[in-house]
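Have a look at the structure below before the remarks.
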Amino acid sequence: MSKEVVIHGRAFESFLSEEAIRRRIGEMAAMIADDYAERLPLFLPILNGSFVFAADLLRAYPAECELAFVKLSSYRGMRSSGRVETLIGLDLDLSGKDIVIVEDIVDSGRTLSDFLPVLQTARPASVAIASLLVKPDALEFPLEIAYRGFEIPTRFVVGYGLDYDGLGRNLPEIYQLKER
Ligand code: 5GP
Ligand code: MG
């Protein structure tokens, strides 16, 4: 029996359980630690949506790591406005750092493909992307996503940090918009 939640009058059904998410994040952390065995990764979560994923990914990460946050914006409601602004962060020195961008979800890829050149101006040693969710069929901007939690259909999701117009971030699992 799948659970249902209603947010702003729209029905969402449970899609990824807490247990499935936890297990997958453990695998992602192990993969990253393997690849960064000789390096000190600086995890760079993109606020707001990534805060829950980042908290769990870092606690699953079995070696030394650093953390800094950045805030961009490109989403209003259920559609991307397609504008990226760096709102906070990036005032710290990222030069020479091995950065792992921590993203909740990659949809069109526009947010990250706009952000990557901005990030490069800080002269990091390397940049990789870890995204909990990827919508492969929605990808319009070429992006190399080294660490992918789940590839999901092009349907709006909420929970586990992801919101629908400000609500739903506190849901411990991920819900998907029910088709009408
Ligand atoms: P993109 O620029 O790749 O199209 O979108 C990236 C951002 O849009 C994500 O970081 C996230 O904030 C938001 N986004 C994309 N798809 C969804 C979705 O299904 N649900 C929610 N809540 N946000 C989404
Ligand atoms: Mg995001």
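Hydrogens, waters and symmetry mates are skipped; everything else that's a heavy atom, side chains included, is used. Atoms within a ligand are numbered from 1 in the order they appear, just like the ligands themselves. The first residue in the sequence is number 1, and the count goes up from there. Keep in mind that what you see is a predicted model, and the values were worked out from it rather than measured.
The E103 neighbourhood of ligand 1 comprises atoms 10 (O), with distances under 4.0 Å to a heavy atom of that residue. Close approach to D163 involves these atoms of ligand 1, each under 4.0 Å from a residue heavy atom: 21 (C), 22 (N). Ligand 1 places these atoms under 4.0 Å from at least one heavy atom of G109: 1 (P), 3 (O), 4 (O). Heavy-atom contacts of L162 reach the following atoms of ligand 1: 21 (C), 22 (N), 23 (N) (cutoff under 4.0 Å).
Between L112 and ligand 1, a contact under 3.5 Å exists for no N or O pair. Any N or O atom pair closer than 3.5 Å counts here, and Y164 shares no such pair with ligand 1.
Atom CG in L112 sits 5.0 Å away from atom CD1 in I129 (nearest 0.5 Å). Taking CD1 of I21 as the reference point, atom CZ of R24 lies at 12.5 Å (rounded to 0.5 Å). For the atom pair L44 CG and F115 CZ, the distance stands at 5.0 Å (nearest 0.5 Å).
E151 pairs by the salt bridge (Lys or Arg N to Asp or Glu O under 4.0 Å) definition with R148, not counting sequence neighbours. Annotation: salt bridge (Lys or Arg N to Asp or Glu O under 4.0 Å) contacts of E18 (sequence neighbours excluded): none.
Distances from atom 24 (C) of ligand 1 to the heavy atoms of L143, I46, I105, D165 put I105 nearest.
The shortest separation from a heavy atom of V158 to ligand 1 is not under 4.0 Å, leaving the residue out of contact. At least one heavy atom of K135 lies less than 4.0 angstrom from ligand 1.
The main-chain N or O of Q176 is never found under 3.5 Å from a side-chain atom of R155 such that the two would form a donor-acceptor pair.
The neighbour count for E64 CD, taken as heavy atoms of other residues, nucleotides or ligands under 6.0 Å away, does not exceed 12.
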